[in-house]
Amino acid sequence: MKLDKFILGTVKEVPSDAEIPSHQLMIRSGMIRKVASGTYAYLPLGLRVIHKIIEIVRQEMDAAGAQEVLLPIVQPMELWQTTGRDQDYGQTLGHFTDRHGRENVLSPTAEEVMTVVGANEISSYKQLPVNLYQINTKYRDEFRPRFGVLRSREFIMKDAYSFDADEIMLEQSYRNMYDAYCNVFKRCGVEYVIVEAEAGEMGGSGSHQFTVPCESGEDVIVYTEDLAYAANIEKAAVDPISPESKTADVQAITEIYTPGSGAIDSVCTYLKTVPEKMIKCMIYVFGPENKILACVVRGDHELNPEKLTQALGGVAPELAPEDIVQRITGAKIGYAGPVGLFDKVDMVFIDHGVAAMAVGYAGANKTEYHIGNVVPGRDFPLDGANIKVIDIRNAAQGDTWQGKKLLFKRGIEVGQVFKLGDKYSKKLGAEYLDESGKRQTCLMGCYGIGINRIMASAIELSYDADGIIWPISIAPFEVLVTTANPNDEQVVAAAEKIYQELLENDIDVAYDDRNQRAGVKFKDADLIGIPLRITVGRKTLDNGEVEIKVRRQSESQLVKLEMAVDTALDKITELWQELIVEED
RNA sequence: CGGGGCGUAGCUCAGCUUGGCUAGAGCGCUACGUUCGGGACGUAGAGGUCGCAGGUUCAAAUCCUGUCGCCCCGACCA
């Protein structure tokens, strides 16, 4: 590819709304342009990266025995209603009414449609296992798009769905995809960790997340020092906190006037205490009958909605609206407390952390009042028909799991695999006949990879002050040939020859034949981050030499003109070497 | 959805507080000349309904109202 007429689109200035390195660099290097909030156009250079990632994913999926299909992005709402996921997804689900009055969903994922497609094609156990995948655009009406393509409304996802006869087969399919994912990320040159994860809107029984650790990530992963345990924070389990030694005699509860102090911090300031001594109580509603759930956690702890959902057997609770909170507690929001509250609600979850407290402060269920000297177990019960002491909070600094200290790290989720079980196949009729001719429901798994996120996380992992440093496997080009003196005929002739020879060797090469000053071309080269650069210039050509530089190394190397292509080929091979996955 | 901020040239922004001359700078773009290995320099030029709509005023980019868009923070608060 010659760059003279190529839409390169590099810019010097950082757009004011780009905060994280990958977003800034993708715009500066001319990979993407913003069209609207959370929607981006890919320019030629960026699309080349996308294509390379897709090709790696496709190869690995095919190698794993999956078969590529293409599903519609616009899908009938009825299918989503059948599984109830129109509700689960809530506002994030993009949809519109067509001219016939039919409701359509803009696919954020495709379990429903793929299950129907699979159901139509699968009839016998002899066909199983089957794995169907697609790579196409997904749409999510994100509440708050940000970080460039890391959280955009539109994005490109590879989504695969396995249809299996039984648990054992599902386990194999799951493992198969899991291994394929390891290959994909390795080949793309992004370092990742695998953590246990919650199934979220997908439902199902087991899930792992592939996460690229980096500061700009939105996810938090939790792990033990020895890495024996790693999980997303939404899933991470914590050991119960060991009980504080009970203070011999705590005086009876005292009511304290705390005007205008609803929030934990302001109450603490007022009471001259710390959040660890506070007992938070939150009111939720859940289920079709809008039952009331009270959750009690320590003031410094964060409630984990996923754990609540699990504890309720898969029903996601919602924070109670103000009027319900007032009706239940008799106070404004901010003054709920556990004492005397439990007979007014249908269900109570108390976190281990609260049960372990010797004494603390809590809301008084009376506007503008808190109570002190609250002793869990004395002033409110820790067991009962509708009272459970369980783990309902996020892991926090200082927590342990199985006695081992938990550590925290941010990361970008680039892939996730789920065991769905029969959640979709049952509702949408994905069945097969077994050996005895009996009708059986398929078990399913689903497996997603965020293509754009791989692109962004590769940049987050590898850049410097001058620009991007791509892994060769997903770089827009493998090699850049450039001329330092574009008006020198000999220089141009030599560069042209190297370019042609590299093309003949099936190298993906760009030739910067622009009539620009050397400085401009070097700056652009560094910015767009092609792994290998060959510079032909008067300065070295007088000695019959050209300059070869690996982007991520600081020093360049001079080689004889006639050795240039061979040396480049060697270096390219070397760069590829570390991205190769060994076959079993 | 709540709080804050911002909409002025393709991009980054100044000007607005305290209304007043032809609305500016840098980058980018065009032409010419000099330059030519780490984002050159000079000269000349193109490019603007100052987000949109209304209002106040002799006069509005500037003040007021509404509206649209964008960005940041929060939205698990007790």
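First the proteins, then the strands, lettered A, B, ... as listed; each starts at 1.
Per the geometry, CD1 belonging to A:Ile7 stands 13 Å off C1' belonging to B:C29, to the nearest Å. Going from atom CZ of A:Arg517 over to atom P of B:C36 covers 8 Å, rounded to whole Å. One atom, CD of A:Gln516, and another, C1' of B:A40, lie 11 Å apart when rounded to the nearest Å. Atom CD of A:Gln24 and atom P of B:C11 are 18 Å apart (whole Å). A straight line from OH of A:Tyr361 to C1' of B:A78 spans 17 Å, rounded to a whole angstrom. Rounded to whole angstrom, the span from the NZ atom of A:Lys539 across to the C1' atom of B:G38 amounts to 10 Å. As rounded to whole Å, 15 Å separates atom C1' of B:G37 from atom CZ of A:Arg514. A straight line from NZ of A:Lys12 to P of B:A25 spans 18 Å, rounded to a whole angstrom.
Taking the P atoms as reference points, B:C32 lies 24 Å from B:A25, given to the whole Å. Only the C1' atoms considered, B:G45 is 23 Å distant from B:U49, to the nearest whole Å. On the P atoms, B:A59 is 16 Å away from B:G54, given to the nearest whole Å. Atom name C1', nucleotides B:U17 and B:C63: the rounded distance is 11 Å, in whole Å. Spacing between B:C76 and B:U67 at atom P, rounded to whole Å, works out to 26 Å. The C1' atoms of B:A14 and B:C27 are separated by 15 Å, rounded to the nearest whole Å. With C1' as the reference atom, B:U18 and B:A9 are 27 Å apart, rounded to whole Å. A distance of about 15 Å separates the P atoms of B:U62 and B:G15, rounded to the whole Å.
In this pair, A:Tyr257 and A:Tyr369 present their aromatic rings tilted. The plane angle is within the 30 to 60° band.
A donor-acceptor contact under 3.5 Å links the side chain of A:Arg533 to the base of B:G38. Taking only distance into account, the side chain of A:Glu13 meets the base of B:G26 through a donor-acceptor pair shorter than 3.5 Å. With hydrogens and angles ignored, a donor-acceptor pair under 3.5 angstrom links the side chain of A:Arg28 to the base of B:G39.
When the nearest nucleotides of RNA chain B are assigned to A:Lys521 and A:Leu303 by heavy-atom distance, the more 5′-ward of the two goes with A:Lys521. Two residues, A:Val520 and A:Val325, neighbour RNA chain B, and the one matched to the more 5' nucleotide by heavy-atom proximity is A:Val520.
Residue A:Lys280 places at least one side-chain N or O under 4.0 Å from the OP1 or OP2 atom of B:A78. Between A:Lys34 and B:C71 there is a side-chain N or O to OP1 or OP2 distance below 4.0 Å. In terms of phosphate contacts, A:Ser37 brings a side-chain nitrogen or oxygen within less than 4.0 Å of OP1 or OP2 of B:C71.
Between the A:Lys280 side chain and the A:His301 main chain, a donor and an acceptor come within less than 3.5 Å of each other. Between the side chain of A:Asp512 and the backbone N or O of A:Lys2 there is no donor-acceptor pair closer than 3.5 Å.
Between A:His95 and A:Tyr139, the distance separating the two ring centers is not shorter than 6.0 angstrom.
Judged by a 6.0 Å distance limit and a 45° cone about the ring axis, A:Arg533 is positioned over the six-membered ring of A:Phe522.
Using the Watson-Crick or G-U wobble rule with both distances under 3.5 Å, B:C21 pairs with nothing in any strand shown. Pair assignment for B:G10: B:C27, on the basis of Watson-Crick or G-U wobble contacts that are both within less than 3.5 Å. The partner of B:G54, taking Watson-Crick or G-U wobble pairs whose two distances both stay under 3.5 Å, is B:C64. Nucleotide B:C1 forms a pair with B:G74, judged by Watson-Crick or G-U wobble geometry with both contacts under 3.5 Å. Under the Watson-Crick or G-U wobble criterion, with both distances below 3.5 Å, B:A40 is paired with B:U34.
With B:G37, B:A78, B:C72 as the choices, the nucleotide that has an atom nearest any side-chain atom of A:Thr540 turns out to be B:G37. Closest to the side chain of A:Lys523, out of B:G37, B:C76, B:G38, is B:G38. Here the nucleotide nearest the side chain of A:Asp526, chosen from B:G38, B:C70, B:G37, is B:G38. Across B:G39, B:C76, B:G37, the shortest atom-to-atom separation from the side chain of A:Asp524 is found for B:G39.
In this structure, OH in A:Tyr463 is found 16.0 Å from CG in A:Asp526, a value given to the nearest 0.5 Å.
Residue-level contact check: A:Phe147 touches neither bases nor backbone, having no heavy atom under 4.0 Å from any strand. When heavy atoms are screened at a 4.0 angstrom cut-off, A:Gly363 is found touching no nucleic acid atom at all.
Using a 4.0 Å cutoff on non-hydrogen atoms, the parts of residues 480-490 of chain A near RNA chain B are A:Ala484, A:Asn485, A:Asn487, ordered by number.
Heavy-atom contacts from other residues, nucleotides or ligands closer than 6.0 Å to CD of A:Glu562 number more than 12. More than 12 heavy atoms of other residues, nucleotides or ligands shown are found within 6.0 angstrom of CG on A:Asp346.
The only option from A:Thr254, A:Val339, A:Val354 that meets the side-chain contact (heavy atoms from CB on, under 4.5 Å) definition with A:Val374 turns out to be A:Val339.
The closest side-chain donor-acceptor pair between A:Tyr42 and A:Asn452 falls under 3.5 angstrom.
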